Protein chains: 2
Amino acid sequence: MKEKEILREHIARHKMKQTRQREIILETFIKIGGHVSAEELYHKVIKRDPSVGLATVYRTLTLLCQSGIAQQQEFGEGKTRFEVVQDYKHHDHLICTKCGKIIEFENCDIEQQQEQVAKTHRFTIYSHKLEIYGLCRECKK
Amino acid sequence: MKEKEILREHIARHKMKQTRQREIILETFIKIGGHVSAEELYHKVIKRDPSVGLATVYRTLTLLCQSGIAQQQEFGEGKTRFEVVQDYKHHDHLICTKCGKIIEFENCDIEQQQEQVAKTHRFTIYSHKLEIYGLCRECKK
DNA sequence: GTTTTTGCAAACCATTTGCAGTTAG
DNA sequence: CTAACTGCAAATGGTTTGCAAAAAC
């Protein structure tokens, strides 16, 4: 798992310490894959190790974002969700406002257009977030 | 101001009441134009009428969203911002992660591509949000 | 051994809510 | 009049923080 390596490196570079909790949280986070809130991740984590605290999950999530493994997302629910960053292929989201389903998609043309926009504004893109809200196939009926 | 008319209609349709506070808050909100947090709007409002409460600002902002005049935005600061909806031309945002500047832009090609994506997923679009993060021209130097 | 990390509980801060008084229709 | 609205203060809920004990190096 390359994420483990990335974290290890980040930890070493910042004279931090490798801990059991961080390892468990990272593994659980990767296994879930996407769109987890801190609370949800916490509940999964304590199934493996009930002694881990919620604060540690928050702190580790922050760490994962700093090291580039995770990324924050806000879908307007009043809480932050976190997602695994997959740098080899970025994806965006179709979000059903009725059932809450989240569909991922990729579209290179959109990314290219973004580059175009950035160029005209002399803006250097680091990342982006595209969310499309509406009704999914089932909820449309 | 067409927003006043929209609100009036929405209020009538839901047997709500036209109040001084709602009028002041709407006017102030429109004047500011974009990317205001509830707290910021509140501070502007109490300059005109110190008796207005923060809770009323929140409640009115909710009302403005329901009537389609305003729209929520979250830029990951831990608080919600609100923006005036301009249905004739939708715009998206370039957000500088260094100085916090927000640049608006429009791009029809991106919108068209989104329609394309939605079609392949049989998804019905109501709205969307595109945020591009990076460095603005000044901060790049 | 020293320094970072942890769990816990308390603190924080944006937002919401209950309520008694006020106001619009 | 009566139902909706308001301001206030208290409650809420996600997230952060201070601290003493525990673990990593």
Side-chain angles (χ1 to χ4, degrees), chain A residues 4 7-26 28-29 35-67 70-83, chain B residues 4 7-26 28-29 35-67 70-83:
Chain A
K4 244 177 190 165
L7 182 59
R8 200 173 296 260
E9 216 182 297
H10 182 94
I11 283 177
R13 191 165 29 245
H14 293 74
K15 43 183 156 172
M16 293 172 151
K17 286 171 180 176
Q18 196 86 21
T19 67
R20 179 175 45 86
Q21 289 88 332
R22 287 179 176 165
E23 198 143 324
I24 294 175
I25 294 169
L26 172 61
T28 310
F29 177 60
H35 316 128
V36 222
S37 66
E39 195 85 23
E40 286 165 7
L41 180 56
Y42 168 66
H43 284 301
K44 296 281 185 187
V45 165
I46 57 174
K47 279 185 187 157
R48 259 183 71 183
D49 182 344
S51 72
V52 176
L54 176 57
T56 302
V57 172
Y58 272 104
R59 288 189 274 233
T60 305
L61 240 14
T62 304
L63 176 60
L64 294 183
C65 287
Q66 286 164 352
S67 64
Q71 202 170 32
Q72 291 194 24
Q73 304 182 304
E74 319 202 24
F75 296 129
E77 320 156 276
K79 63 182 163 187
T80 306
R81 291 189 171 275
F82 295 84
E83 178 175 60
Chain B
K4 243 176 192 164
L7 182 59
R8 200 173 296 259
E9 218 183 296
H10 181 93
I11 282 177
R13 192 166 27 243
H14 294 75
K15 46 182 154 172
M16 292 172 153
K17 287 173 179 173
Q18 197 84 20
T19 67
R20 178 176 45 85
Q21 290 88 332
R22 287 178 176 166
E23 198 142 324
I24 294 175
I25 293 169
L26 173 60
T28 311
F29 177 60
H35 316 129
V36 222
S37 66
E39 195 87 43
E40 286 165 8
L41 180 56
Y42 169 67
H43 284 300
K44 296 279 185 188
V45 165
I46 57 174
K47 279 185 188 158
R48 260 184 71 182
D49 182 344
S51 73
V52 176
L54 176 57
T56 302
V57 173
Y58 272 103
R59 288 189 273 233
T60 304
L61 241 13
T62 305
L63 175 60
L64 294 184
C65 287
Q66 285 164 354
S67 64
Q71 202 169 33
Q72 290 193 24
Q73 303 181 304
E74 318 202 23
F75 296 130
E77 319 156 278
K79 63 181 162 188
T80 306
R81 291 188 170 276
F82 296 84
E83 178 176 59

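Side-chain atoms are counted along with the backbone in the values below, which use heavy atoms only and exclude waters and symmetry mates. From a predicted model like this one, the values you see are computed outputs, not experimental measurements. Below, chain A is the first sequence line, B the second, and so on; all start at residue 1.
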Visitor: When you compare the side chain of B:Leu41 with that of B:Phe82, does any pair of heavy atoms fall below 4.5 Å?
Guide: no
Visitor: If I take atom CD from residue A:Glu9 and atom NE2 from residue A:His14, how far apart are they, to the nearest 0.5 angstrom?
Guide: 11.0 Å
Visitor: Test A:Thr60 against every option in A:Val57, A:Thr62, A:Thr56 by the side-chain contact (heavy atoms from CB on, under 4.5 Å) rule and name the one that passes.
Guide: A:Thr56
Visitor: On DNA chain D, nearest-nucleotide positions of A:Ala55 versus A:Gly78: which is more 5'?
Guide: A:Gly78
Visitor: So if I define the base as every atom that isn't primed, P, OP1 or OP2, how would nucleotides 19-25 of chain D read as a B/S/- string at a heavy-atom cutoff under 4.0 Å?
Guide: -----BS
Visitor: Is a side-chain N or O of A:Glu74 found less than 3.5 angstrom from the main chain of B:Gly76, in a donor-acceptor match?
Guide: yes
Visitor: Round to the nearest Å and state the distance from A:Glu77 atom CD to C:dT16 atom P.
Guide: 14 Å
Visitor: For B:Leu7 and D:dA4, give me the distance from atom CG to atom P, rounded to whole Å.
Guide: 17 Å
Visitor: State which residue, out of A:Lys44, A:Arg48, A:His43, fulfils the side-chain contact (heavy atoms from CB on, under 4.5 Å) condition with A:Ile46.
Guide: A:His43
Visitor: Would you kindly give the CZ-to-P distance between A:Arg22 and C:dG7, to the nearest whole Å?
Guide: 11 Å
Visitor: What is the distance from CZ of B:Phe82 to P of C:dA14, rounded to the nearest Å?
Guide: 13 Å
Visitor: Could you go through B:Leu7 and B:Leu63, starting from their C-alpha distance and side-chain angles, then the distance that decides it, and tell me whether this counts as side-chain contact (heavy atoms from CB on, under 4.5 Å)?
Guide: CA-CA 9 Å; B:Leu7 182 59; B:Leu63 175 60; 4.1 Å; yes
Visitor: Please report, to 0.1 Å, the donor-acceptor pairs under 3.5 Å made by any side chain of residues 15-23 of chain A, with sequence neighbours excluded.
Guide:
from, atom 1, to, atom 2, distance (Å)
A:Thr19, OG1, A:Arg22, N, 3.2
A:Arg20, NH1, A:Asp49, OD2, 2.3
A:Arg22, NH1, A:Lys17, O, 2.7

Visitor: Expressed as a whole number of angstroms, how long is the span from A:Phe75:CZ to D:dG14:C1'?
Guide: 17 Å
Visitor: To the nearest Å, how far apart are B:Glu23 CD and D:dT6 P?
Guide: 12 Å
Visitor: Kindly calculate the angle separating the two end axes of the helix from C:dG1-D:dC25 to C:dG25-D:dC1, each obtained from five base pairs, and round it to 10 degrees.
Guide: 30°
Visitor: To the nearest Å, how far apart are B:Glu74 CD and C:dC13 P?
Guide: 19 Å
Visitor: Checking side-chain hydrogen bond (donor to acceptor under 3.5 Å, both in side chains) against A:Arg81, which of A:Gln73, A:Glu40, A:His35, A:Gln71 comes through?
Guide: A:Glu40
Visitor: Which is true for A:Ser37 with a 4.0 Å heavy-atom rule: it touches a base, it touches only sugar-phosphate, or it touches nothing?
Guide: nothing
Visitor: What is the distance from atom CG of B:Leu64 to atom CD of B:Glu83, rounded to the nearest 0.5 Å?
Guide: 13.5 Å
Visitor: OP1, OP2 of C:dT5 versus side-chain N and O of A:Thr56: anything below 4.0 Å?
Guide: no
Visitor: Whole angstrom is fine here: how far is it from CG in B:Leu54 over to P in D:dT6?
Guide: 13 Å
Visitor: Need to verify one output field. Residue with the more 5' nearest nucleotide on DNA chain D, B:Ser51 or B:Lys15?
Guide: B:Lys15
Visitor: With respect to the phosphate group of C:dT15, does any side-chain polar atom (N or O) of B:Tyr58 fall under 4.0 Å of OP1 or OP2?
Guide: yes
